[in-house]
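Comments concern the structure below.
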Protein chains: 2
Amino acid sequence: MTVSRIVNNKGSISEETRKKVLESIKELDYKPNILARSLVMKESRFITIVLPDIANPFFSEMVKEAEDIARRNKYIILLGDTEGRKEIEKEYSEAAINRMSDGIILVAPRMDDESIIKINDKIPMVLVDRPIECKDIAQINIDNFTGAVLAMEHLIGLDHKQIGFLSGSRDISASLEREEGYVKTLKKYDMTSRNKLIIEGDWSLKSGRDAFDIFFSSQPVPTAIFASNDLMALGLIQRAQEMNIKIPEDLSIIGFDDISMAALVNPPLTTIRQPRLKMGKIAIELLINKLQKKSDIKNNILLKNELIIRNSTGKIA
Amino acid sequence: MTVSRIVNNKGSISEETRKKVLESIKELDYKPNILARSLVMKESRFITIVLPDIANPFFSEMVKEAEDIARRNKYIILLGDTEGRKEIEKEYSEAAINRMSDGIILVAPRMDDESIIKINDKIPMVLVDRPIECKDIAQINIDNFTGAVLAMEHLIGLDHKQIGFLSGSRDISASLEREEGYVKTLKKYDMTSRNKLIIEGDWSLKSGRDAFDIFFSSQPVPTAIFASNDLMALGLIQRAQEMNIKIPEDLSIIGFDDISMAALVNPPLTTIRQPRLKMGKIAIELLINKLQKKSDIKNNILLKNELIIRNSTGKIA
DNA sequence: TTGTAGGCGTTATCAA
DNA sequence: TTGATAACGCCTACAA
């Protein structure tokens with residue numbers, strides 16, 4: 001008990017015993033067992049982050065931001081990479097509970113409402129990028145629809161008439177919201193939306209490459225393509241260059257995300273910047289506030305996107 | 001106790017009570033507390049991974065690989081991002097011990113030998129990319145020297161006579177090993193190594209940009225540059241293009257790492273591929289084997305690099 | 001087949 | 001200022 005008091009700087013201890021104990025601690029290289037402490041305190045200072053793909057710069061940059069803030073607040077991150085699979089999303093959420101995580105940041109685009117609500121009942125949660133109609137759940141979302149409108153108006157402003165859309169997986173709401181932005185903007189400007197101009201990808205670079213071939217083997221050939229994320233946009237560019245299609249002279253391409261790579265490729269990619277650092281920061285801060293039961297908590301945050309114009313888009317020749 | 005037996009499928013239980021208990025478990029939504037179990041079992045099934053930068057694709061791809069294997073083996077990853085700072089490397093290593101991590105994968109290029117040995121005494125460890133003279137420590141290293149020789153011989157084979165070297169931070173052994181490869185290869189081919197042709201960067205893209213200006217403001221101007229990592233190589237390319245220096249016609253550039261971006265930039269980057277997926281895989285497997293006390297453990301693994309020729313290098317014009 | 005006692009390494013509480 | 005006791009939720013060992 002005396003040792004405990006000294007380690008935690010609690011209660012009053014005589015200088016003499018403090019010295020003796022500290023000496024022994026050094027000598028024995030004693031380290032307190034935080035797990036045992038957690039058991040008593042009912043607080044582990046673990047925070048679990050569940051996300052689809054840590055190798056995707058979008059998420060790894062988000063995690064880095066969150067991790068830094070967590071560390072400063074004496075929390076440590078448990079990492080769960082789900083590969084976008086529902087079962088693993090659930091597996092890690094369970095693990096967060098079983099292992100007494102104090103809280104969870106859930107980026108689980110495929111999880112069903114019911115499961116999310118269940119988890120929220122068991123453990124303090126911040127839900128990211130997966131809108132749900134439920135006032136009790138803290139959530140951070142991105143205005144995908146408006147972001148897509150931004151992208152489309154940029155292309156339309158450049159006089160493009162045939163604009164293709166490369167969607168992400170259609171079982172994810174973010175993807176559908178962006179598609180809605182595409183369709184509605186076309187309608188707004190009285191431009192026919194033909195099905196041929198929409199292709200479903202799976203967020204991967206390869207699916208961008210594959211999509212290019214489909215776009216260019218059917219009529220009408222687009223003069224601009226709006227890709228639902230940067231990785232697919234890069235795939236489009238890659239394949240276009242292989243086929244000697246010049247960007248932006250022959251084809252304009254706009255992405256979505258603004259991963260750090262976007263500025264580095266050639267030509268630098270015009271894209272819709274998602275505030276991913278901010279997402280990581282806000283998510284972890286929101287969660288920590290929740291854990292410390294601060295009262296003034298905003299529970300539902302919608303972040304804005306920003307159009308970043310680089311060189312992959314231009315007027316049609 | 002009966003519940004424990006049922007949850008863990010141990011001992012014999014009558015069908016009747018098993019049913020009743022399982023029912024109650026569902027009803028109460030009971031979840032066993034793994035932390036409490038860890039305390040008794042002296043096994044947490046946590047594995048801590050400490051690394052310099054999770055936002056760097058090199059590490060995030062490594063982690064992804066490790067994470068996947070960990071999950072299949074019922075381990076869960078504790079993540080520590082050190083930003084390359086010594087204090088944080090230590091902080092997280094301590095945390096791994098305090099929190100009863102079963103093991104630690106340490107990518108801590110700046111940590112001193114003594115600290116590493118101390119940690120190894122306290123917790124099963126696999127040390128990555130930080131060679132140390134100590135037979136008791138399991139380590140996975142990359143043959144930086146030979147990798148650098150590979151790069152240099154490629155450039156020399158293209159008839160370059162003035163080859164610049166852009167090193168990483170000189171307080172990291174991997175960086176010095178690559179520099180040694182540069183210097184010794186020059187010697188081997190009787191090419192003078194002048195100090196002016198060596199510049200120290202800090203691994204960042206920006207330091208590549210800055211280095212370009214220094215290389216091109218002093219004599220002799222190099223016809224080829226070997227950059228100690230891809231990020232700096234990309235910085236060189238970026239700045240070269242801004243200055244209307246053509247790659248590879250006017251200047252050849254070779255990198256080191258083969259991050260996924262390397263293939264995507266324009267021109268695609270010639271580089272030395274480090275087997276980072278393999279590193280993640282081997283590191284976690286080595287550690288898990290260690291934890292399960294398999295006997296046939298190789299303790300010191302040296303991985304080979306591979307020259308990937310793309311379009312950023314060529315014969316001098 | 002089930003249940004009881006004891007202990008894992010801490011901390012809160014109360015007594016000395 | 002210090003120390004004894006009980007408790008956190010689980011598992012091992014043994015008893016019923």
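Lettering follows sequence order; numbering is per chain, from 1.
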Check B/Lys42 with B/Asp102, please: is the shortest side-chain N to carboxylate O separation under 4.0 Å?
no
Protein-nucleotides 7-9 of chain C N/O pairs closer than 3.5 Å?
unit_1	atom_1	unit_2	atom_2	d
C/dC8	O3'	B/Lys42	NZ	3.1
C/dG9	OP1	B/Lys42	NZ	3.1
C/dG9	N2	A/Ala36	O	3.4

Contacts of type salt bridge (charged side-chain N to carboxylate O under 4.0 Å, His left out), residue B/Lys290, not counting sequence neighbours:
none
Presence of B/Ser4 side-chain N/O under 4.0 Å of D/dC10 phosphate oxygens OP1/OP2
no
Rounded distance in Å - CD (A/Glu43) to C1' (C/dA12):
15 Å
Under the side chain to side chain contact (heavy atoms under 4.5 Å, CB included) rule, collect the residues that match up with B/Ala66, sequence neighbours excluded.
B/Ile49, B/Ile284
Within the side chain of A/Arg72, is there an N or O that forms a donor-acceptor pair under 3.5 Å with the backbone of A/Glu67?
no
Sorted by number, residues from residues 91-103 of chain B placing a heavy atom under 4.0 Å from DNA chain D are none
Are any side-chain N or O atoms of A/Asn8 and backbone N or O atoms of A/Ser4, one a donor and one an acceptor, separated by less than 3.5 Å?
yes
Short heteroatom pairs, N/O only, protein and nucleotides 2-6 of chain D, under 3.5 Å:
unit_1	atom_1	unit_2	atom_2	d
D/dT2	OP1	A/Ser14	OG	2.9
D/dT2	OP1	A/Thr17	OG1	2.6
D/dT2	OP2	A/Ser14	N	3.0
D/dT2	OP2	A/Thr17	OG1	3.0
D/dG3	OP2	A/Thr2	OG1	2.9
D/dG3	N7	A/Arg5	NH2	2.6
D/dG3	O6	A/Arg5	NH1	3.4
D/dG3	O6	A/Arg5	NH2	3.2

Those residues at least two apart in sequence (or on a different chain) that pass salt bridge (charged side-chain N to carboxylate O under 4.0 Å, His left out) with B/Arg110 are B/Asp171
Check the distance between C/dT11's C1' and A/Arg45's CZ and give it to me in whole angstrom.
16 Å
Sub-3.5 Å donor-acceptor pair from the side chain of A/Asn73 to the main-chain atoms of A/Ile69, do we have one?
yes
With salt bridge (Lys or Arg N to Asp or Glu O under 4.0 Å) as the test, would you mind laying out the steps for A/Glu94 and A/Lys90 before giving the verdict?
CA-CA 6 Å; A/Glu94 295 270 310; A/Lys90 283 193 188 169; over 6 Å; no
Going through the checks in order, is the salt bridge (Lys or Arg N to Asp or Glu O under 4.0 Å) test met by A/Arg18 and A/Glu16?
CA-CA 5 Å; A/Arg18 159 168 276 125; A/Glu16 195 186 3; over 6 Å; no
Please state how far atom CG in B/Leu35 lies from atom P in C/dT11, giving the value in whole angstrom units.
14 Å
Short N-O contact, A/Asp53 and B/Lys64, less than 4.0 angstrom:
yes
